[in-house]
Amino acid sequence: MICLGIESTAHTFGIGIVTDKGNVLANEKDTYTTEEGGIVPVKAVEHHMNCYDDIIRKALRKAKLKIEDIDIIAFSQSPGLGHTLRIGAMAARSLAAHYSKPLIGVNHCIAHLEIGNLTTGCKNPILLYASGANTQIIAYEAGKYRIFGETLDIGIGNFLDSFARELGLGFPGGPKIYELAKKGKTYIDLPYSVKGMDVSFGGLLTNLKQKLKSGKYSKEDLCFSAQETVFAMLLEVSERAIAHCGKKELLMGGGVACNRRLQQMAKDMCEARDAECFIPSDEFLIDNGAMIAWLGIIEYKAGNKTRIEESRVMPYERTDEVDVNWR
Ligand code: AMP
Ligand code: MG
């Protein structure tokens with residue numbers, strides 16, 4: 001059985017082709033970026049519209065398959081930007097209807113977790129999901145993937161991208177902040193906001209903007225201090241979730257998890273508490289079509305299907321609203 005998965009929750013349009021044995025035959029994508037400023041949803045839509053058929057063809061070529069060889073079409077139905085989700089949903093519906101294939105709409109956050117399980121071999125982790133719009137600590141308990149902690153305002157990636165914009169860097173800003181942070185020498189005290197199991201970044205962003213404007217601090221030190229602070233916040237709540245659930249595995253997911261400093265801090269925390277740290281390769285950390293295809297396979301095997309009339313996108317669906325009938 002082979003599934004073609006379509007990812008379009010935000011700036012990435014991705015197509016993955018995956019078999020029911022978990023072999024990734026193709027994982028092609030194209031990402032909307034800017035030299036200055038952040039994502040403009042209408043521009044991201046234009047980007048996806050311009051590249052979607054090309055990416056589908058590229059993925060099929062890479063997998064050495066024809067569309068007729070595909071058994072299932074999966075797409076990211078939730079959560080994300082309504083504008084961009086609709087492009088993926090439209091492509092998925094057209095392919096499914098035209099070639100008479102079953103259609104499966106999946107939750108993007110859960111797809112991050114399941115591709116992590118597949119590619120790293122972890123079994124029952126706490127997922128630290130750190131991406132552009134999402135920042136959540138997720139784990140499986142009693143029939144659902146539950147959210148044990150999350151951001152109370154913006155996602156960590158949005159925080160990094162917004163600060164990068166203040167620094168005059170383009171989108172995505174996370175990797176550029178990482179490069180500047182490597183040259184930082186002095187830690188500058190910043191607000192640290194952990195509230196119970198939740199985190200928040202808004203106040204910290206305002207504080208950083210003020211410090212930047214004051215001209216008293218170097219950009220490098222500000223980037224270094226910002227990273228150290230927000231990553232420590234994420235790992236504090238991850239560690240508490242591990243302790244609370246009595247789990248022994250930490251899995252990382254999301255674009256910000258590509259950050260090597262965050263990865264090192266996660267490994268250090270796991271070592272200190274005798275847990276194992278699982279980090280997928282960058283290709284599967286960032287948004288990608290393979291994770292959508294893999295969750296499509298899992299859900300299809302569990303008997304799930306999405307009828308065309310139920311295939312409306314759900315920009316605000318939460319991870320814990322999904323009935324997990326496959327574990
Ligand atoms: P996603 O939404 O999962 O595709 O992740 C996108 C986010 O990841 C953007 O906010 C990027 O700035 C951020 N990002 C990508 N690579 C890195 C990196 N190496 N360090 C920090 N953030 C990153
Ligand atoms: Mg994501």
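Only a predicted model underlies this, so the values are computations on that prediction, with no experimental measurement involved. All ligand and atom numbering here is 1-based and tracks the order in the structure.
Between Ala257, Gly157, Gly173, Gly255, it is Gly255 that holds the heavy atom closest to atom 17 (C) of ligand 1. Nearest-heavy-atom check against atom 4 (O) of ligand 1 across Ile286, Thr12, Asp287 picks out Asp287.
Looking at ligand 1, you won't find any N or O of Phe171 less than 3.5 Å from one of its N or O atoms. Considering backbone and side-chain atoms alike, Leu285 places every N or O at 3.5 Å or more from each N or O of ligand 1.
Counting heavy atoms closer than 4.0 Å to ligand 1, residue Asn259 contributes atoms from both its backbone and its side chain. With a 4.0 Å cut-off on non-hydrogen atoms, His11 touches ligand 1 through its side chain and not its backbone.
Residue Asp323 holds its CG atom at 9.0 Å from CG of Asn304, rounded to the nearest 0.5 Å. Residue Ile17 holds its CD1 atom at 12.0 Å from NZ of Lys64, rounded to the nearest 0.5 Å. Residue Cys270 holds its SG atom at 8.5 Å from CD of Glu276, rounded to the nearest 0.5 Å.
The shortest contact between atom 22 (N) of ligand 1 and any protein heavy atom is with Gly174 CA, 3.3 Å. Of all protein heavy atoms, the one closest to atom 12 (O) of ligand 1 is Asp161 OD1, 2.7 Å. The closest protein non-hydrogen atom to atom 11 (C) of ligand 1 is Pro172 CB, 3.6 Å. Distance from atom 13 (C) of ligand 1 to its nearest protein heavy atom, with residue and atom name: Val256 CG2, 3.8 Å. Of the protein's non-hydrogen atoms, the one nearest atom 2 (O) of ligand 1 is Gly132 N, 3.1 Å.
Residue-ligand proximity, Gly254 to ligand 1, at heavy-atom distances under 4.0 Å covers atoms 3 (O). Proximity to Ser131 (heavy-atom distance under 4.0 Å) selects the following atoms of ligand 1: 1 (P), 2 (O), 3 (O).
Residues Ile279 and Ile156 fall within the same hydrophobic cluster, defined by Ile, Leu, Val, Met, Phe, Trp and Tyr side chains chained together at heavy-atom separations under 4.5 Å.
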### Task
Show your working on side-chain hydrogen bond (donor to acceptor under 3.5 Å, both in side chains) between Glu114 and Tyr145 and close with a plain yes or no.
CA-CA 11 Å; Glu114 294 293 356; Tyr145 283 116; 2.6 Å; yes

### Query
Taking it one step at a time, do Trp326 and Leu295 satisfy side chain to side chain contact (heavy atoms under 4.5 Å, CB included)?
CA-CA 10 Å; Trp326 60 87; Leu295 184 50; 3.9 Å; yes

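Within the coordination shell of the Mg ion (ligand 2), defined by N, O or S atoms under 2.8 Å, Tyr129 is present. The Mg ion (ligand 2) does not have Cys109 among its coordinating residues (no N/O/S atom, backbone or side chain, under 2.8 Å).
Side-chain contact, His108 with Asp287: a donor N or O sits under 3.5 Å from an acceptor N or O. Between the side chains of Tyr52 and Arg57, no donor-acceptor pair of N or O atoms lies under 3.5 Å.
Ring geometry for Tyr32 against Phe171 counts as tilted: the plane angle lies between 30° and 60°, on a 0 to 90° scale. The aromatic rings of Tyr129 and His112 sit tilted relative to each other, their planes meeting at an angle between 30° and 60°.
Taking the Mg ion (ligand 2) as the apex, the angle formed with NE2 of His108 and OD1 of Asp287 is 90°, to the nearest 10 degrees.
Residue His112 approaches the Mg ion (ligand 2) most closely through its N/O/S atom NE2.
With hydrogens and angles ignored, the 3.5 Å screen pairs no side-chain donor or acceptor of Gln136 with any backbone N or O of Glu150.
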